[in-house]
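Everything numeric here is computed off the predicted structure, so don't read it as measured data.
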Amino acid sequence: MIDSINWIDRRFNFDFPVGVFPWIIERLRGTPARVEELVRGLTPVILTKQSDGKWSIQENVGHLIKVEELHDGRIDDFLAGKEILRPADMENKRTTAADFNSRDIEMVLESIRKVRTNLVKRLEGMDDDLIGHPSRHPRLDIPMRPVDMAYFAAEHDDYHLATIARLARGLR
């Protein structure tokens, strides 16, 4: 099987029209259901198993919850007209500190649905003109519009969903 590239090695070209925004919103809206489908029927042992110092399935889900804080903050940055968006916590300290492996999976699934519903609501509430107005992404050092941020978030979701699927296949 092909090895996945690391998320931080991904490069992006945000050259699509803002008219794809509704499609991207639907990808984001569907992430909690996709997560639920992937973890359904997995035992706590499988959900929390770490290997090679990497996150467990449950920690990958938890990371998607914690990264919503960044997405929410970046929406605030766009609304405030900031030139540069706030940076991500590349060490993922918040994910590690949250200790998702000690939590019940149902609570984790409820949390991802709650935070994602909030993100979608905030994005859908943005003014059409703002959706195409760029700020600079600090790590990528390229202009990023809210529509691009939504796409970036959906791609990040897919990265972790693929990781969860691969882990689940290997641990069953």
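In this structure, Pro87 and Arg139 have side chains that are not in contact, with every pair of non-hydrogen atoms separated by 4.5 Å or more. Within the 4.5 Å cutoff, the side chain of Arg113 has heavy atoms near those of the Glu36 side chain. Contact of the Gln50 side chain with the Glu59 side chain is registered, since non-hydrogen atoms from C-beta on lie closer than 4.5 Å. When side chains are defined from C-beta on, Asp129 does not count as touching His133, because their heavy atoms never get closer than 4.5 Å. Residues Leu130 and Arg145 form no side-chain contact, since every pair of their non-hydrogen atoms from C-beta on lies 4.5 Å or further apart. Counting heavy atoms from C-beta outward, Arg74 and His71 have side chains that stay 4.5 Å or more apart. In this structure the side chain of Asp158 reaches within 4.5 angstrom of the side chain of Arg34, judged on heavy atoms. The shortest distance between side-chain heavy atoms of Trp55 and Thr163 does not fall below 4.5 Å.
Closest of all the heavy-atom pairs between Ala154 and Arg27 is O-NH2, 3.4 Å. In this structure, Ala150 and Leu123 approach most closely via the heavy-atom pair CB-CD1, 4.1 Å. Residues Ser135 and Lys82 approach most closely at OG-O, 2.6 Å, considering heavy atoms. Smallest separation of non-hydrogen atoms from Glu91 and Lys93: OE1-CE, 3.0 Å. Considering every non-hydrogen atom in both Ile131 and Pro146, the closest pair reads O-CD, 3.3 Å. Minimum interatomic distance between Asn6 and Tyr159 (heavy atoms only, all atoms of both residues): CA-OH, 4.0 Å.
Shown here is Met90, whose CE atom has more than 12 heavy atoms of other residues, nucleotides or ligands within 6.0 Å. Within a 6.0 Å radius of CZ in Arg94, other residues, nucleotides and ligands contribute 12 heavy atoms or fewer. Other residues, nucleotides and ligands place no more than 12 heavy atoms under 6.0 Å from the CD atom of Glu110. More than 12 heavy-atom neighbours from other residues, nucleotides or ligands sit within 6.0 angstrom of CG on Asp104. Residue-environment remark: CH2 (Trp23) stays at or below the threshold of 12 foreign heavy atoms within 6.0 Å.
Ring pair Tyr151/Phe16: centre-to-centre distance below 6.0 Å. Between His137 and Phe152, the gap from one ring centroid to the other is short of 6.0 Å.
Residues Ser56 and Asn101 bring a donor and an acceptor atom of their side chains to less than 3.5 Å of each other. A donor and an acceptor atom, one from each side chain of His63 and His156, are located under 3.5 Å apart. Side-chain atoms of Glu68 and Asn118 include no donor-acceptor pair closer than 3.5 Å.
Atoms NZ and CG, on Lys66 and Asp89 in that order, are 10.5 Å from each other to the nearest 0.5 Å. Rounding to the nearest 0.5 Å places NE2 of His160 at 13.5 Å from CD1 of Ile57. For the atom pair CD1 of Ile65 and OG1 of Thr95, the computed distance is 9.0 Å after rounding to the nearest 0.5 Å.
Criterion: ILVMFWY side-chain heavy atoms under 4.5 Å apart, direct or through other members. Under it, Leu70 and Leu28 are not part of a common hydrophobic cluster. With hydrophobic clusters built from ILVMFWY side chains whose heavy atoms lie under 4.5 angstrom apart, Ile84 does not share a cluster with Phe12. Val67 is not connected to Leu140 by any chain of hydrophobic side-chain contacts under 4.5 Å among Ile, Leu, Val, Met, Phe, Trp and Tyr, and they are in different clusters. A single hydrophobic cluster is seen to contain both Phe100 and Leu161, as judged by linkage of ILVMFWY side chains at heavy-atom distances under 4.5 Å, directly or through other members.
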Which is it for Ile75 and Met149 under the side chain to side chain contact (heavy atoms under 4.5 Å, CB included) test, yes or no, and what are the steps along the way? CA-CA 9 Å; Ile75 290 173; Met149 188 208 81; 4.0 Å; yes
Lys121 and Glu124: CA distance, side-chain angles, deciding distance, salt bridge (charged side-chain N to carboxylate O under 4.0 Å, His left out) verdict: CA-CA 5 Å; Lys121 183 178 179 181; Glu124 287 179 326; over 6 Å; no
Can you list the steps and then say if Asp76 with Arg86 is a side chain to side chain contact (heavy atoms under 4.5 Å, CB included)? CA-CA 10 Å; Asp76 291 340; Arg86 67 191 63 201; 4.2 Å; yes
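Here the options are Ile46, Leu109, Ile105, the test is side-chain contact (heavy atoms from CB on, under 4.5 Å), and the partner is Gln58; only Ile105 passes.
Comment: Arg136 does not engage Asp77 in a salt bridge, judged by the lack of any side-chain N to carboxylate O separation of less than 4.0 angstrom.
The closest donor-acceptor contact from the side chain of Arg29 to the backbone of Thr117 lies at 3.5 Å or more, if one exists at all.
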